[in-house]
2 protein chains.
Amino acid sequence: MKVSKGTDYALHAMAYLVSQNGKRDKLPVQELAGKLDVSSTYLSKILARLVKQKYIVATSGAKGGYSLPADWEDISVYDIIVAIDGELTLFEDSFNHGDECKIQRLMMEVEADMIEGFKKKSVEELI
Amino acid sequence: MKVSKGTDYALHAMAYLVSQNGKRDKLPVQELAGKLDVSSTYLSKILARLVKQKYIVATSGAKGGYSLPADWEDISVYDIIVAIDGELTLFEDSFNHGDECKIQRLMMEVEADMIEGFKKKSVEELI
DNA sequence: TTATTATAGACTCATAATATCCATAATTAG
DNA sequence: CTAATTATGGATATTATGAGTCTATAATAA
């Protein structure tokens, strides 16, 4: 029952991008990877998923790197988690007994609260 | 980010035991496994952990089986989850930057809410 | 053109969840 | 006492997934 390490990296990378916003233009993966103490090739892979969802912007070539998009303040922690780990579900009932299952329902309640908790946190608040 | 299938089995087994409480004395694993459509040897293994925590009582021998302990109404969904999956944590920060890490703190908040959600649900409410 | 930077795919490795099988211990019925 | 029934524990197999590496390719600035 854990958020993946990949999401951990992604959140910290986002936090670093946010912290450097306005000061620096683009941050190359090398630098981010150095900060996070992870290989740059692996971090690239993770960040590529954020790029695909437009939560960060990638610029190839010399002096390129990653930067925040215009609407970055709307991005939530939930968005990042889903981009990396996929849709967030606590439970998949092994038994196909319909909606009347109380266990299933309880899990979905707790899950909904958790999702709310992550949605109401903007990445802006991570620094 | 999921509760294990083992916990799913355990919760459903508990729910069935609760539902039969008062009506039937002891339920052999064969019967429970039949209900849950899982092999009885595997379910045994899972239920053994509940026995160890005294969330259910096992009786060997003919006419034996599993039953609820005297204080079964105090058992929460949280108890069952922890008995099977171990202590429930959403996040283990890969980076050892102390308590001041906002990401870590956010995760722990959401985690605490989730734990609360599971703790306040008694197994009695599962049926 | 060359150096720099991101992207994409194939691949490996370790670990954990899921599960089976069998031998053993406990208990009851007859 | 014996036989049948039931749970427990250990060894093992299988599979899925997360974590990470490596390399080739594409894009861009100087």
Side-chain angles (χ1 to χ4, degrees), chain A residues 1-10 12-13 17 24-34 36-67 69 81 83-87 89 91-95, chain B residues 1-10 12-13 17 24-34 36-67 69 81 83-95:
Chain A
M1 179 127 57
K2 288 219 192 322
V3 172
S4 76
K5 231 172 153 182
T7 290
D8 192 4
Y9 291 136
H12 277 87
L17 280 171
R24 311 263 317 276
D25 192 20
K26 295 163 195 156
L27 304 180
V29 73
Q30 297 285 351
E31 179 175 344
L32 290 164
L36 303 184
D37 197 32
V38 60
S39 84
S40 55
T41 56
Y42 185 43
L43 186 59
S44 283
K45 246 201 167 64
I46 294 166
L47 296 185
R49 301 204 217 176
L50 299 186
V51 172
K52 197 160 290 173
Q53 301 297 318
K54 303 207 202 307
Y55 297 142
I56 57 178
V57 174
T59 311
S60 280
K63 300 285 172 182
Y66 294 100
S67 52
I81 295 174
I84 306 299
D85 285 352
E87 201 54 53
T89 55
F91 194 69
E92 265 161 40
D93 207 313
S94 318
F95 319 110
Chain B
M1 178 128 55
K2 289 222 190 319
V3 173
S4 76
K5 231 172 152 180
T7 290
D8 192 4
Y9 291 137
H12 277 87
L17 279 170
R24 313 263 316 277
D25 193 18
K26 293 163 196 155
L27 304 181
V29 73
Q30 298 285 351
E31 179 174 345
L32 290 165
L36 303 185
D37 196 33
V38 59
S39 83
S40 56
T41 55
Y42 186 44
L43 186 59
S44 285
K45 270 224 151 49
I46 293 166
L47 296 185
R49 300 204 219 176
L50 298 185
V51 171
K52 196 159 288 171
Q53 301 296 318
K54 303 207 202 309
Y55 298 142
I56 57 178
V57 175
T59 311
S60 279
K63 302 283 172 186
Y66 295 99
S67 52
I81 296 175
I84 305 299
D85 284 353
E87 200 56 52
L88 193 159
T89 55
L90 261 190
F91 194 70
E92 266 162 37
D93 207 310
S94 319
F95 318 110

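Below, chain A is the first sequence line, B the second, and so on; all start at residue 1.
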Colleague: What integer distance in Å separates Leu47(B):CG from dT18(C):P?
Modeller: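 Those two atoms, CG and P, are 14 Å apart.
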Colleague: If we only count heavy atoms from C-beta on, is the Ile81(B) to Met1(A) side-chain gap below 4.5 Å?
Modeller: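 In contact.
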Colleague: Listed by chain and number, what are the salt bridge (Lys or Arg N to Asp or Glu O under 4.0 Å) partners of Lys2(A), not counting sequence neighbours?
Modeller: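 For Lys2(A) the salt bridge (Lys or Arg N to Asp or Glu O under 4.0 Å) partners, ignoring immediate neighbours, are Glu92(B).
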Colleague: With Gln30(A), which residues qualify under side chain to side chain donor-acceptor pair (under 3.5 Å), at least two apart?
Modeller: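 Result, side chain to side chain donor-acceptor pair (under 3.5 Å) vs Gln30(A): none returned.
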Colleague: Got a sec, which residues hit side chain to side chain donor-acceptor pair (under 3.5 Å) with Gln53(B), two or more places apart in sequence or on another chain?
Modeller: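 If we apply the side chain to side chain donor-acceptor pair (under 3.5 Å) test to Gln53(B), skipping adjacent residues, there are no hits.
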Colleague: What's the CD-P distance between Glu31(B) and dT5(D), to the nearest Å?
Modeller: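 Interatomic distance, CD of Glu31(B) to P of dT5(D): 16 Å.
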Colleague: Heavy atoms under 4.0 Å is the rule here; annotate nucleotides 14-30 of chain D 5' to 3' with B where the base is hit, S where only the sugar-phosphate is, and - elsewhere.
Modeller: -----BBB-----BBS-
Colleague: Check the distance between dT5(C)'s C1' and Ile56(A)'s CD1 and give it to me in whole angstrom.
Modeller: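 Taking atom C1' of dT5(C) as the reference, CD1 of Ile56(A) is at 13 Å.
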Colleague: Would you mind reading off the distance between Tyr66(B) atom OH and dA26(C) atom C1', rounded to a whole angstrom?
Modeller: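 So the two atoms are 13 Å apart, to the nearest Å.
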Colleague: To the nearest angstrom, how far is Leu32(A) atom CG from dT7(C) atom P?
Modeller: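 Answer to the nearest Å: 12 Å.
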Colleague: For Ser39(B), which residues count as a side chain to side chain donor-acceptor pair (under 3.5 Å) partner, sequence neighbours excluded?
Modeller: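 Applying side chain to side chain donor-acceptor pair (under 3.5 Å) to Ser39(B) gives Thr41(B).
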Colleague: Whole angstroms only, please: what is the NZ-P distance between Lys2(A) and dA17(C)?
Modeller: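 Whole-Å distance recorded here is 10 Å.
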Colleague: Measure from CD1 on Ile46(B) to P on dA7(D) and round the result to the nearest Å.
Modeller: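 Distance check: Ile46(B) CD1 to dA7(D) P gives 14 Å.
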Colleague: Going by the rule side chain to side chain donor-acceptor pair (under 3.5 Å), which residues pair with Asp85(A) if we only count those two or more places apart in sequence or in a different chain?
Modeller: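 Applying side chain to side chain donor-acceptor pair (under 3.5 Å) to Asp85(A) gives Ser4(A), Thr7(A).
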Colleague: Can you tell me how far P of dT4(C) sits from CG of Asp25(A), to the nearest Å?
Modeller: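 In whole Å, dT4(C) P lies 19 Å from Asp25(A) CG.
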